[in-house]
**Student:** 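Provided herewith is a single structure, encoded as structure tokens, for subsequent inquiry.
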Amino acid sequence: MAGVKDRIIELLLSRGLVTKEQLDAALVEQREHGGALQTILTERGLVNESDLLSVVSQGVGIPPITLSRMKLDPTLRTLIPRDVALQYLIMPISCIGNTLTVAMADPMNVFALDTLTTLTGLAMNPLLSSPREIRESIDNYYGTGVEESIREMTEQLNADALQVIGESKEEEDAARLLTLIDEAPVVKYTDSILERAARMRASDLFIEPMEKAVRIRYRVDGVLQTGEAPPRSLHAAIVSRIKVMSELNIAERRLPQDGHFKFKLESRSIDYRVSILPSVFGEKVVLRVLDKTAVKLDLSQLGFSAADLERLKRCAARPHGMILVTGPTGSGKTTTLYAMLKLIDAPEKNIVTVEDPVEFELQGINQVNARPDIGLTFASALRSILRQDPDIIMVGEVRDSETADMAVKSALTGHLVLTTLHTNTASGAVVRLVNMGLEPFLINSCLMAVIGQRLVRKICSRCFETYQLPKGMAEKLGLLDQQGQPMPLARGKGCPACLQAGYAGREVIAEVLVMTPAIRALVLKRAPESQIEQVAQKEGMRRLRDHGLDKVMRHSTTLEEVLRTTTGEVVEE
């Protein structure tokens with residue numbers, strides 16, 4: 001095994017996929033915390049999955065296989081149980097005679113191969129596949145495991161007792177719940193939906209009580225998907241389990257509660273931010289899933305065009321001024337700000353942020369949680385931060401005129417300020433600042449650029465196909481080639497890898513308004529948003545929709561997705 005690991009390390013270095021320093025750091029992490037070297041390299045974003053699979057295949061001398069393109073034999077489920085498949089990351093593919101062909105993340109795991117041979121009585125023919133592909137295939141082939149947990153709960157727990165507890169508000173019933181939520185089925189079910197949310201790359205998990213049912217939903221790439229739901233009688237036990245994990249009061253069911261906890265999934269730790277809201281039919285729970293390994297904090301990888309990226313880099317390199325990011329909730333504003341901080345971070349700079357709440361902990365950057373309930377608002381935090389001699393300040397959101405005034409004064413006194421504002425367009429942000437009571441000459445003195453952005457879903461690369469729009473529709477949208485014919489567009493057919501959605505992942509579409517003399521003159525005149533937008537376009541700003549259509553023509557996203565996120569219109573021929 002040592003020889004195989006050495007060959008893989010040698011191949012990684014010889015192909016230039018990692019540097020010696022990066023590899024040494026990954027090996028140190030492996031020694032200290034355990035886990036597979038391949039997993040550490042991919043989670044750190046040092047090597048992409050396909051390159052790593054190629055290296056491991058050459059290193060172990062076993063060919064790779066793409067599971068999403070294979071039709072798996074459903075009868076093989078009886079040979080290898082789901083828990084064994086998950087434990088060893090294996091996937092049964094086919095059985096010919098006395099030989100079972102399996103896909104494995106680690107085909108050199110002799111112990112796993114011996115266990116499978118003993119379990120099935122068959123010889124093993126291992127092939128190589130990525131851990132992610134195997135996990136996705138297990139969920140699609142065996143099911144997610146949620147159904148099994150529901151069945152166990154209803155069999156092992158007294159549903160009638162739980163129903164009584166769910167309806168009562170007495171302290172003694174809370175004590176009875178404490179004993180029930182430690183039962184294996186409740187723990188297993190709760191863990192399974194948390195794990196499911198992380199594996200689906202969901203940003204949010206919803207547990208919603210109805211009159212006679214419970215609804216489980218996952219927000220994946222901005223769109224809600226319904227999952228397997230438990231019986232209504234088990235809702236109280238599940239909510240109480242989450243409260244215990246979040247160190248909240250399980251006896252309090254009348255008031256909203258907020259908390260958080262960490263959930264271990266293989267070698268990574270995932271943060272869950274919990275919000276509990278009493279509703280007519282019980283407590284609704286929403287969990288924000290914060291997976292640091294899934295977030296890209298490289299500005300050049302977020303989806304900005306080359307021209308906009310260059311404008312932003314020039315603005316971020318200035319020692320003072322303000323950069324605003326605008327858009328609705330869930331449009332990736334905080335991620336853009338974090339990526340800008342990572343771009344300009346340096347040991348000689350003192351960077352401080354104030355957020356509500358801090359979503360991701362950034363190494364080397366001082367982050368402050370706003371606490372309005374105890375008087376620590378954005379504005380009051382800013383006053384204290386200015387006494388800390390900062391070079392760069394990030395304010396999570398400008399919510400009121402006081403915060404706006406403090407942010408502007410900070411930018412005018414030699415600090416670089418990055419912040420967000422809730423407006424629909426970049427030009428609308430300038431008008432909003434004026435309406436918040438800021439003098440136009442102050443805005444002109446500090447504001448450098450405004451980013452208006454949305455997130456669009458990317459087409460799944462595994463079920464990608466091309467098609468053509470009807471000519472009338474293509475002409476209306478300006479999607480004709482030089483010969484006047486409709487340009488070929490792309491979409492995803494839907495496959496197990498993308499949960500049949502046709503999309504996998506999201507990226508930014510943006511409009512970047514840079515403050516030029518012509519725009520500053522309009523601000524002084526308190527010009528309307530439409531006039532500022534017209535001049536900004538003449539000065540080089542591309543609208544959100546234009547950037548989106550450019551991505552459509554590049555086969556990065558679909559026309560439907562761009563129209564959904566920018567205008568909401570349905571184009572008809």
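Computed from heavy atoms alone, side chains included, the values below leave out hydrogens, waters and symmetry copies.
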**Student:** Taking Gln468 for its side chain and Pro486 for its backbone only, find out whether a donor-acceptor pair lies under 3.5 Å.
**Tutor:**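 Looks like yes, one N/O pair under 3.5 Å.
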**Student:** Can you tell me which residue pairs pass the ring-ring contact (aromatic ring centres under 6.0 Å, His included) test with a partner in residues 300-341, sequence neighbours excluded?
**Tutor:**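 Passing the test, one end in residues 300-341: no pairs.
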**Student:** What residues, two or more places apart in sequence or in another chain, satisfy salt bridge (charged side-chain N to carboxylate O under 4.0 Å, His left out) together with Lys458?
**Tutor:**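 Partners of Lys458 under the salt bridge (charged side-chain N to carboxylate O under 4.0 Å, His left out) test: none.
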**Student:** With sequence neighbours left out, which residue pairs that include part of residues 400-410 fulfil the salt bridge (Lys or Arg N to Asp or Glu O under 4.0 Å) condition?
**Tutor:**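 Every salt bridge (Lys or Arg N to Asp or Glu O under 4.0 Å) pair that includes a residue of residues 400-410, provided the two are not neighbours, is Arg383-Glu402, Asp405-Lys409.
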**Student:** Holding to side chain to side chain donor-acceptor pair (under 3.5 Å), I want the full list of residues that pass it with Asp389, two or more places apart in sequence or in another chain.
**Tutor:** none
**Student:** Please lay out, stage by stage, how Leu324 and Thr419 fare under the test side chain to side chain contact (heavy atoms under 4.5 Å, CB included).
**Tutor:** CA-CA 5 Å; Leu324 273 176; Thr419 188; 3.3 Å; yes
**Student:** With Phe261, which residues qualify under ring-ring contact (aromatic ring centres under 6.0 Å, His included), at least two apart?
**Tutor:**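 Testing Phe261 for ring-ring contact (aromatic ring centres under 6.0 Å, His included), a comparison that skips the adjacent residues, returns Tyr272.
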**Student:** Enumerate, atom names and distances included, each donor-acceptor pair closer than 3.5 Å involving a side-chain atom of residues 357-378, sequence neighbours excluded.
**Tutor:**
| from | atom 1 | to | atom 2 | distance (Å) |
| --- | --- | --- | --- | --- |
| Asn366 | ND2 | Asn350 | OD1 | 3.4 |
| Asn366 | ND2 | Ile351 | O | 3.1 |
| Gln367 | OE1 | Leu362 | N | 2.7 |
| Gln367 | NE2 | Glu355 | OE2 | 3.1 |
| Gln367 | NE2 | Phe360 | O | 2.8 |
| Asn369 | OD1 | Val358 | N | 2.7 |
| Arg371 | NE | Asp373 | OD1 | 3.3 |
| Arg371 | NH2 | Asp373 | OD2 | 3.4 |
| Thr377 | OG1 | Ser380 | N | 3.2 |
| Thr377 | OG1 | Ser380 | OG | 3.2 |

**Student:** Using a strict 4.0 Å threshold on nitrogen-to-oxygen distance, state whether Glu507 and Lys551 make a salt bridge.
**Tutor:** yes
**Student:** Does anything in residues 429-480 form a ring-ring contact (aromatic ring centres under 6.0 Å, His included)? List the pairs, not counting sequence neighbours.
**Tutor:**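 Qualifying pairs, neighbours excluded: Phe464-His555.
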**Student:** Applying side chain to side chain donor-acceptor pair (under 3.5 Å), name anything that partners Thr516, two or more places apart in sequence or on another chain.
**Tutor:**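 Scan of Thr516 (side chain to side chain donor-acceptor pair (under 3.5 Å), adjacent residues dropped) gives Glu539.
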**Student:** Between Lys313 and Glu310, does at least one N-O distance fall below 4.0 Å, as a salt bridge requires?
**Tutor:**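 No, Lys313 and Glu310 are not salt-bridged.
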**Student:** Once salt bridge (Lys or Arg N to Asp or Glu O under 4.0 Å) is applied, what residue pairs with a partner in residues 418-439 remain, sequence neighbours excluded?
**Tutor:** Glu439-Arg526
**Student:** Residues in side chain to side chain donor-acceptor pair (under 3.5 Å) with Asn424, at least two apart?
**Tutor:**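 Residues passing side chain to side chain donor-acceptor pair (under 3.5 Å) with Asn424: none at all.
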**Student:** Between Glu511 and Leu544, is there a donor-acceptor pair closer than 3.5 Å when you use the side chain of the first and the backbone of the second?
**Tutor:**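 Side chain of Glu511 to backbone of Leu544, a donor-acceptor pair under 3.5 Å: yes, one is there.
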**Student:** Name all pairs fulfilling the salt bridge (Lys or Arg N to Asp or Glu O under 4.0 Å) condition that reach into residues 320-347, sequence neighbours left out, sorted by first residue then second.
**Tutor:** none
**Student:** Quick one: side chain to side chain donor-acceptor pair (under 3.5 Å) partners of Glu465, sequence neighbours excluded?
**Tutor:** Arg491
